[in-house]
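Let me begin by presenting the structure, written as structure tokens, before commenting on it.
These numbers come from the heavy atoms of this one structure, side chains and all, not from hydrogens, waters or symmetry mates.
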Amino acid sequence: MRHLDQRQAELIRRRLAGDDFESLAQELDYPDTASAAAAFAAALDDADPLEPAARHQADQHSLDELQHAIWHRAAAGNLDAIAATLAILDSRERRLGLGVPARMDSTGTLSDPAAVTDDELEELLALIEDPPI
């Protein structure tokens with residue numbers, strides 16, 4: 001990892017602040033938006049380990065920008081735009097961990113196995129041998 005130069009640091013700072021790649025390319029003298037986006041990705045890779053929160057924020061800005069670019073077409077019924085929007089929403093859900101099933105906690109009380117009486121043990125063994133169906 002190397003130290004970022006002034007231009008790279010400004011690119012990261014402004015992108016995380018929400019600037020789009022088109023304005024960043026013009027104002028920071030990149031040839032085009034693709035070059036600014038590539039420079040941003042390279043700067044993130046070259047930076048000292050960026051805080052996960054900052055990388056997460058950069059990801060969310062990118063998804064916001066993509067979704068904004070196609071939202072009006074999706075809302076108008078364009079099936080390709082709808083599919084792309086759903087893919088963006090899926091990506092956002094995965095990145096935020098929203099699709100992970102909720103952890104289920106036991107509602108019953110845990111008993112101490114050593115505290116099981118002989119009668120309870122016999123009843124449990126009988127259920128195993130002849131389950132009530």
Side-chain angles (χ1 to χ4, degrees):
M1 286 180 250
R2 61 186 174 81
H3 182 69
L4 297 177
D5 64 28
Q6 181 85 18
R7 184 179 180 206
Q8 291 171 314
E10 182 68 7
L11 178 64
I12 289 176
R13 186 191 67 73
R14 291 189 47 196
R15 178 65 181 145
L16 294 179
D19 288 3
D20 62 32
F21 285 119
E22 185 174 346
S23 63
L24 290 170
Q26 292 171 357
E27 295 168 19
L28 296 177
D29 199 30
Y30 287 97
D32 53 34
T33 57
S35 298
F40 176 73
L44 284 179
D45 288 341
D46 289 346
D48 289 333
L50 197 59
E51 287 185 36
R55 187 172 289 277
H56 170 78
Q57 184 181 9
D59 285 344
Q60 291 306 311
H61 279 306
S62 296
L63 293 173
D64 290 344
E65 193 171 311
L66 289 170
Q67 187 173 338
H68 178 74
I70 62 172
W71 185 256
H72 70 281
R73 289 184 300 207
N78 180 303
L79 295 179
D80 290 336
I82 291 170
T85 300
L86 290 173
I88 292 167
L89 292 173
D90 279 347
S91 179
R92 186 184 311 275
E93 182 179 284
R94 281 192 313 278
R95 291 166 191 243
L96 294 174
L98 299 175
V100 177
R103 182 176 164 197
M104 296 180 63
D105 291 327
S106 172
T107 56
T109 59
L110 297 176
S111 61
D112 180 9
V116 175
T117 66
D118 289 337
D119 291 336
E120 291 172 326
L121 183 57
E122 289 297 324
E123 185 180 338
L124 289 171
L125 291 173
L127 286 172
I128 292 171
E129 292 173 7
D130 189 24
I133 298 179

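- Between Glu10 and Arg13 a salt bridge is recorded (basic side-chain N to carboxylate O distance below 4.0 Å).
- Between Gln67 and Leu89, the closest side-chain pair of non-hydrogen atoms falls below 4.5 Å.
- Contact detail for Asn78 and Asp80: the closest heavy-atom pair is OD1-N, 3.0 Å.
- For Leu28 against Arg7, the heavy-atom pair with the smallest separation is O-NE, 3.0 Å.
- Here CD of Glu93 is found 6.0 Å from CG of Asp90. Values are rounded to the nearest 0.5 Å.
- Taken from CD in Gln26 to OG1 in Thr33, the straight-line distance is 9.5 Å, to the nearest 0.5 Å.
- Applying the ring pair (Phe, Tyr, Trp, His ring centres under 6.0 Å) test to Tyr30 and every residue at least two apart in sequence or in another chain returns nothing.
- Grouped by direct or indirect side-chain proximity (heavy atoms under 4.5 Å, Ile/Leu/Val/Met/Phe/Trp/Tyr only), Ile88 sits with Leu63, Leu66, Ile70.
- The local environment of CD in Glu123 is sparse, with at most 12 non-hydrogen atoms from other residues, nucleotides or ligands closer than 6.0 Å.
- Shown here for Ala74 and Thr85, the closest heavy-atom pair between the two residues is CB-OG1, 3.5 Å.
- The salt bridge (Lys or Arg N to Asp or Glu O under 4.0 Å) pairs that include a residue from residues 16-30 are Arg14-Asp19, Arg14-Glu27, where partners are two or more places apart or lie in different chains.
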